[in-house]
Amino acid sequence: MAATQMEQLVSLCKRRGFIFQNSDIYGGLQGLYDYGPLGVELKNNIKAAWWRAMVYERDDVEGLDAAIITNRKVLHYSGHEDTFSDPMVDCKKCKGRFRADHIDGKCPNCGSTELTEPRPFNLMLRTQLGPVVNEDAVAYLRPETAQAIFTQFKNVVDATSRKLPFGIAQIGKSFRNEITPKNFIFRVREFEQAELEFFVKPGEDEKWHEIWKQNRIQWWRDQGIESDNLKIYDQQPDELAHYAKACTDIEYKFPWGFDELEGVANRRDYDLGNHTKSQEEFNLEAKCHENHDSTTKLCIRDDDENKWVIPFVIEPSMGIDRGMLAILVEAYNEEDLGNGNSRIVMKIKKHLAPIKVAIVPLKKNSPEIMAKCHELKQKLMKLGIGRVALENTGNIGKAYRRHDEIGTPLCLTVDFETLEQQPESVTLRDRDTMEQIRVNTADLPAYLREYFA
Ligand code: GAP
């Protein structure tokens with residue numbers, strides 16, 4: 001996709017109701033977006049596909065949904081208070097502030113090369129809880145969903161009797177006060193993450209890191225991303241986050257080049273170790289903060305070794321918003337139909353498509369056709385296949401065009417033949433091939449269930 005097409009994609013997202021600038025009517029708020037009627041469906045479908053693959057289709061993963069506002073001590077002992085920062089520079093001329101590693105020695109606003117020395121800028125968003133405003137009331141909006149998985153580790157183990165290896169999955173909002181949010185929903189200040197913390201025996205971490213890398217690449221392919229547009233990048237030691245022993249980025253070919261879509265990190269025993277009291281009882285590999293506040297040991301019984309161990313953690317962590325952008329970029333196609341005609345078609349995989357079936361009346365002002373459309377809508381919306389829309393624009397060409405643009409896999413047209421001939425039938429038009437077939441309405445439920453299975 002070219003940069004001009006990226007602009008067209010952004011415009012389509014607004015026009016068709018996928019993504020809006022937050023606080024739009026007041027001029028927006030940088031780095032924040034709202035998801036419209038189609039955006040929320042697509043996002044929910046991406047989250048459902050992740051949850052299905054990570055939780056339902058495995059038998060070694062449990063789920064969690066923890067609070068966003070986080071006790072300051074959690075983010076103190078996790079290392080975020082001290083080290084979760086990006087290098088920031090100021091332009092001495094125009095006073096703009098930028099991420100030092102995102103610019104090329106020159107101010108992107110005014111071109112000046114007079115910049116301050118880089119200094120760390122902590123990305124966490126602070127808030128306060130309760131009516132008294134003082135340092136004791138400080139809490140944070142979580143910068144990653146992972147920490148609550150670590151702090152709830154013992155409760156989950158006690159509740160489920162899990163043994164190693166096993167994982168805890170969570171999807172939810174995270175917040176980062178990014179210095180320079182950019183590239184639409186790629187780098188924003190409020191976003192959703194889907195994270196799995198997979199706990200393994202110390203020593204088995206490298207094997208599991210490899211397994212998860214392969215697993216995650218396959219998942220992206222299953223969401224419609226071509227292999228050629230995916231790349232693996234093993235981070236260099238000086239690029240690693242403060243907690244990681246190793247991290248592999250899965251990169252996608254965005255319009256501005258390959259960029260990170262997901263990280264698969266080996267966090268070893270850093271987090272569970274940091275949040276554990278009496279750390280000296282364990283043979284920790286990571287360098288941990290001594291902990292004076294934790295009330296528990298985040299360990300698990302290793303029956304083979306007959307001892308308590310602090311597991312190592314492999315963490316596949318993806319951004320839902322970034323994933324959605326990749327899926328939209330990948331799906332966007334401009335097709336030349338010949339004779340000066342063209343169409344924009346979003347070839348979104350059918351399990352992700354915001355609307356599954358659009359019911360289109362051949363004529364809007366035919367009460368009989370409209371009645372049949374309503375009857376079919378009532379029937380199909382109960383099938384459990386997802387959202388079924390009823391189009392009543394009255395112009396079949398426009399309806400097809402609109403549903404091509406928003407990625408609806410099937411348009412179902414009710415015409416005069418539907419009313420006049422037995423057995424009763426409708427046409428189904430395929431978004432990608434534009435081919436039409438006739439299906440008896442009695443067979444529709446089975447046909448559609450099978451199609452969207
Ligand atoms: N728990 C590990 C962690 O948070 P990360 O590499 O900082 O690791 C993981 O973030 C993923 O979250 C990234 O690969 C990206 O998809 C997404 N992400 C991170 N910061 C983001 C931002 N500012 N806007 C959108 N997505 C972001």
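Worth knowing before you read on, the calculation uses all heavy atoms, side chains too, and leaves out hydrogens, waters and symmetry mates. Both ligands and their constituent atoms are indexed starting at 1 by order of listing.
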Does R119, at its CZ atom, have more than 12 non-hydrogen atoms belonging to other residues, nucleotides or ligands within less than 6.0 Å? yes

D158 atom CG, neighbour heavy-atom count above 12 within 6.0 Å: yes

Pair E81, Y140: side-chain N/O donor-acceptor within cut-off below 3.5 Å: yes

Check: N229/E226 side-chain N/O donor and acceptor closer than 3.5 Å: no

For T145, which part has a heavy atom under 4.0 Å from ligand 1: side chain, backbone, both, or neither? neither

Starting from [atom], locate the nearest protein heavy atom and write down its residue, its atom name and how far away it is, to 0.1 Å.
atom                    : result
atom 14 (O) of ligand 1 : E260 OE2, 2.5 Å
atom 15 (C) of ligand 1 : R322 NH1, 3.5 Å
atom 8 (O) of ligand 1  : Y243 OH, 3.6 Å
atom 9 (C) of ligand 1  : S317 OG, 3.0 Å
atom 1 (N) of ligand 1  : E195 OE2, 2.4 Å
atom 4 (O) of ligand 1  : R176 NH2, 2.8 Å
atom 10 (O) of ligand 1 : Q193 NE2, 3.4 Å
atom 24 (N) of ligand 1 : V188 N, 3.0 Å

Provide the number and element of each atom of ligand 1 under 4.0 Å from a heavy atom of [X].
X    : answer
R267 : 1 (N), 2 (C)
E262 : 14 (O)
E315 : 1 (N), 2 (C)
R187 : 23 (N), 24 (N)
E144 : 1 (N), 2 (C), 3 (C), 4 (O)
G263 : 14 (O)

Just verifying a value: how many Å separate N71 CG and L129 CG, rounded to the nearest 0.5 Å? 9.0 Å

Between the CD1 atom in I310 and the CD1 atom in I300, the distance rounded to the nearest 0.5 Å is 11.5 Å

Contacts of Q218 that satisfy side chain to side chain donor-acceptor pair (under 3.5 Å) - sequence neighbours left out: R221, D222

Would you call the rings of F184 and Y33 parallel, tilted or perpendicular if under 30° counts as parallel and over 60° as perpendicular? perpendicular

Within the 6.0 Å centroid threshold, strictly below: F153 and F199: yes

Under a 4.5 Å cut-off applied to non-hydrogen side-chain atoms, are L383 and K356 in contact? no

Is there any N or O on I185 that sits under 3.5 Å from an N or O of ligand 1? no

Check whether any N or O atom of G319, backbone or side chain, sits under 3.5 Å from an N or O atom of ligand 1, and answer yes or no. yes

Within the side chain of N183, is there an N or O that forms a donor-acceptor pair under 3.5 Å with the backbone of F186? no

